Colleague: 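First the structure, which I've put down as structure tokens, then a few questions once you've had a look.
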Amino acid sequence: MYVTNQLDNTVSVVDARANRVVATVPAGTAPEGIVVAPDGRHAYIADNGSAEVSVLDTRTNKIVATVPVGKSPSGVDLTPDGRFLYVADGGSNSISVLDTRTNRVIATVPVGTSPVSVVVSRDGAAAYVANAGSGSVSVIDTRTRRAVRVLPAGRSPVGVAVTSDGGSVYVGDEAAASVTVVGTRTGTVTATVPVGEGPLDVALAPDGRSAYVCVLGPGKVTVLEARRHRVSASVSVGPPGTDPFNVAVASSAVYVTEQGASTLTVIDPKTLKIVATIPVGTSPYGVAVSP
């Protein structure tokens with residue numbers, strides 16, 4: 001697992017079997033979003049403060065390239081083949097598209113105001129961008145690299161996840177204390193689920209049955225039953241001030257970064273019990289799991 005530490009300007013490399021940090025890698029300024037390539041050989045880090053993407057060689061744990069992008073990059077995601085990286089440039093109101101073979105930006109796509117996260121559909125056909133400042137999700141056609149639709153997404157959409165069939169997006173609405181579910185084909189809101197104060201990142205389980213939401217205020221992870229769009233459980237990861245921020249889901253574990261506590265929590269998705277709390281760097285932000 002890889003965790004970005006926003007105030008340390010580092011990435012913690014975590015052994016998922018031993019649940020401990022095995023390396024700390026210097027990155028750019030204020031690293032936020034991170035994603036690992038499908039082949040596991042590189043990780044891509046959005047350095048918010050230095051307006052660049054750092055490319056980490058996961059075999060050597062060294063940064064092998066830095067790529068200038070737009071202002072204040074935060075969220076990142078890859079196409080399923082790992083060929084193209086989509087970067088949410090919050091300060092530029094745009095998405096940078098990076099060719100991972102050349103490590104160059106090949107397109108800049110205007111979207112809504114203050115895009116903070118982006119997710120690419122499993123078939124690679126579309127990228128969905130949460131625009132925190134304009135209360136919308138922009139839909140980018142990855143073939144033409146143009147924004148082709150705008151979906152309603154509540155008041156302040158922050159985290160975004162897309163179902164495996166591409167039929168719905170789940171959006172954490174920080175201002176409304178809820179998750180908005182939007183049908184991608186109809187462009188309409190199908191559910192609004194209250195989850196608690198300050199929902200941020202959202203991630204779907206590999207089987208699509210559950211969605212996991214970081215809820216900043218009470219320091220918990222809210223679990224949604226995806227088919228019925230209702231809260232099925234919640235897991236406390238600490239008292240208020242723990243600040244769960246980002247979540248990644250694998251088949252055997254749920255990983256949550258806690259900015260206030262400077263920890264990474266590991267949750268068993270079957271029992272919803274915490275199995276490990278791992279000290280990482282200061283103010284951990286993003287988390288990504290190697291394939």
Side-chain angles (χ1 to χ4, degrees), residues 2-6 9-11 13 25-131 137-149 160 162 246 248 285-291:
Y2 297 86
V3 177
T4 57
N5 303 304
Q6 196 175 29
N9 304 328
T10 62
V11 173
V13 183
V25 182
T29 305
E32 294 191 356
I34 184 168
V35 64
V36 182
D39 63 8
R41 295 179 63 179
H42 294 93
Y44 297 87
I45 305 149
D47 298 316
N48 187 279
S50 46
E52 63 191 12
V53 167
S54 294
V55 184
L56 172 69
D57 186 322
T58 59
R59 294 166 295 181
T60 63
N61 285 331
K62 292 182 178 180
I63 301 298
V64 293
T66 55
V67 185
V69 290
K71 297 178 182 177
S72 304
S74 53
V76 288
D77 201 16
L78 285 159
T79 52
D81 59 4
R83 177 69 193 278
F84 300 104
L85 179 77
Y86 283 70
V87 186
D89 302 321
S92 299
N93 301 330
S94 62
I95 296 293
S96 294
V97 184
L98 186 152
D99 185 329
T100 60
R101 291 183 181 175
T102 62
N103 286 329
R104 293 182 179 180
V105 173
I106 58 169
T108 301
V109 186
V111 289
T113 306
S114 300
V116 293
S117 59
V118 57
V119 62
V120 179
S121 61
R122 186 171 292 185
D123 63 4
Y128 298 90
V129 184
N131 303 307
V137 167
S138 295
V139 184
I140 296 174
D141 183 324
T142 58
R143 183 175 54 86
T144 62
R145 302 190 184 102
R146 293 182 179 181
V148 293
R149 296 182 70 191
V160 60
V162 60
N246 267 263
Y285 189 105
V287 56
V289 182
S290 183

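Owing to the predicted nature of the structure, the values given are computational and were not obtained by experimental measurement. One-based numbering along the sequence shown.
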Colleague: Check whether any side-chain heavy atom of Lys71 sits under 4.5 Å from a side-chain heavy atom of Asp89, and report yes or no.
Modeller: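 No. Closest side-chain heavy atoms not under 4.5 Å.
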Colleague: As an exercise, state the distance from CD1 of Ile106 to OG1 of Thr102, rounded to the nearest 0.5 Å.
Modeller: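 Reported value, rounded in 0.5 Å steps: 7.5 Å.
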Colleague: Shortest non-hydrogen contact from Asn246 to Val287?
Modeller: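 Result for this residue pair: O-CG1, 4.0 Å.
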Colleague: Which residue is it: Ser74, Pro73, Ser54? I am looking for the one with a side-chain contact (heavy atoms from CB on, under 4.5 Å) to Asp47.
Modeller: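 Of the listed options, the one satisfying the test is Ser54.
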Colleague: Report yes or no: do Thr29 and Asn9 form a side-chain donor-acceptor pair below 3.5 Å?
Modeller: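 No, Asn9 and Thr29 have no side-chain donor paired with an acceptor closer than 3.5 Å.
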Colleague: Distance check, rounded to the nearest 0.5 Å: His42 atom NE2 versus Ile63 atom CD1?
Modeller: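 These two atoms lie 10.0 Å from each other.
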Colleague: Under a 4.5 Å cut-off applied to non-hydrogen side-chain atoms, are Val105 and Val69 in contact?
Modeller: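 They are in side-chain contact.
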Colleague: Distance check, rounded to the nearest 0.5 Å: Phe84 atom CZ versus Leu98 atom CG?
Modeller: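 Answer for the CZ-CG pair, Phe84 versus Leu98, is 10.0 Å.
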Colleague: Measuring from atom OG1 of Thr100 to atom CG of Leu85, what distance do you get when rounded to the nearest 0.5 angstrom?
Modeller: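 Thr100 OG1 to Leu85 CG: 8.0 Å, rounded to 0.5 Å.
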Colleague: Any side-chain heavy atom of Thr108 sitting closer than 4.5 Å to one from Val97?
Modeller: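 Counting from C-beta outward, Thr108 and Val97 never come under 4.5 Å.
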Colleague: Can you spot which of Val129, Asp141, Ile140 makes a side-chain contact (heavy atoms from CB on, under 4.5 Å) with Val109?
Modeller: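 Among Val129, Asp141, Ile140, the one that satisfies the side-chain contact (heavy atoms from CB on, under 4.5 Å) with Val109 is Ile140.
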Colleague: Do Leu78 and Pro38 make a side-chain contact, defined as non-hydrogen atoms from C-beta onward lying under 4.5 Å apart?
Modeller: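 Counting from C-beta outward, Leu78 and Pro38 do come under 4.5 Å.
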Colleague: So which atom in Pro80 and which in Val120 form the shortest heavy-atom distance, rounded to 0.1 Å?
Modeller: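 That closest heavy-atom pairing would be CD-CG1, 4.2 Å.
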Colleague: If you round to the nearest 0.5 Å, how far is OH of Tyr285 from CG of Asn48?
Modeller: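 Here the rounded value is 7.5 Å.
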Colleague: Is it true that atom CZ of Arg83 has more than 12 heavy atoms of other residues, nucleotides or ligands lying nearer than 6.0 Å?
Modeller: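 Enclosed: over 12 neighbouring heavy atoms sit under 6.0 Å from CZ of Arg83.
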Colleague: One thing to verify: whether Arg59 and Asp57 come together as a salt bridge, which I'm taking to mean a side-chain N less than 4.0 angstrom from a carboxylate O.
Modeller: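 Yes.
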Colleague: What's the shortest heavy-atom distance between Gly40 and Ser290, and which atoms?
Modeller: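 Answer, listing the atom of Gly40 first, then Ser290: CA-OG, 4.1 Å.
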Colleague: Can a cation-pi geometry be assigned to Arg149 and Tyr128, taking NZ or CZ under 6.0 Å from the six-membered ring centre and within 45° of the ring axis?
Modeller: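 No, a cation-pi geometry is absent between Arg149 and Tyr128.
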Colleague: Considering all heavy atoms of both residues, which atom of Ala147 and which atom of Pro110 are nearest to each other, and what is their separation?
Modeller: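 Reported closest heavy-atom pair: CB-O, 3.9 Å.
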Colleague: To the nearest 0.5 Å, how far apart are CD1 in Ile34 and OG1 in Thr4?
Modeller: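 Reported to 0.5 Å precision, the distance equals 6.0 Å.
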Colleague: For Asp77, run the side-chain contact (heavy atoms from CB on, under 4.5 Å) check against Val87, Val162, Val35 and tell me which one passes.
Modeller: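 Exactly one candidate clears the test, Val35.
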Colleague: Give me the atom names and distance for the closest heavy-atom approach of Val139 to Ala126.
Modeller: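 Looks like CG1-CB, 4.2 Å.
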Colleague: If you apply the rule side chain to side chain contact (heavy atoms under 4.5 Å, CB included), what do you find for Tyr44 with Asn103, and how did you get there?
Modeller: CA-CA 10 Å; Tyr44 297 87; Asn103 286 329; 4.2 Å; yes
Colleague: Dump the intermediate steps for side chain to side chain donor-acceptor pair (under 3.5 Å) on Asn131 and Ser138, then the final yes or no.
Modeller: CA-CA 7 Å; Asn131 303 307; Ser138 295; 2.9 Å; yes
Colleague: Could you walk me through whether Tyr86 and Val76 satisfy the side chain to side chain contact (heavy atoms under 4.5 Å, CB included) test, starting with their C-alpha distance in whole Å, then the side-chain angles of each, then the deciding distance to 0.1 Å, before giving a yes or no?
Modeller: CA-CA 6 Å; Tyr86 283 70; Val76 288; over 6 Å; no
Colleague: Looking at Asn93 and Ser114, what are the two nearest heavy atoms and their distance?
Modeller: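 Scanning both residues completely, I find the closest heavy atoms to be OD1-N, 2.9 Å.
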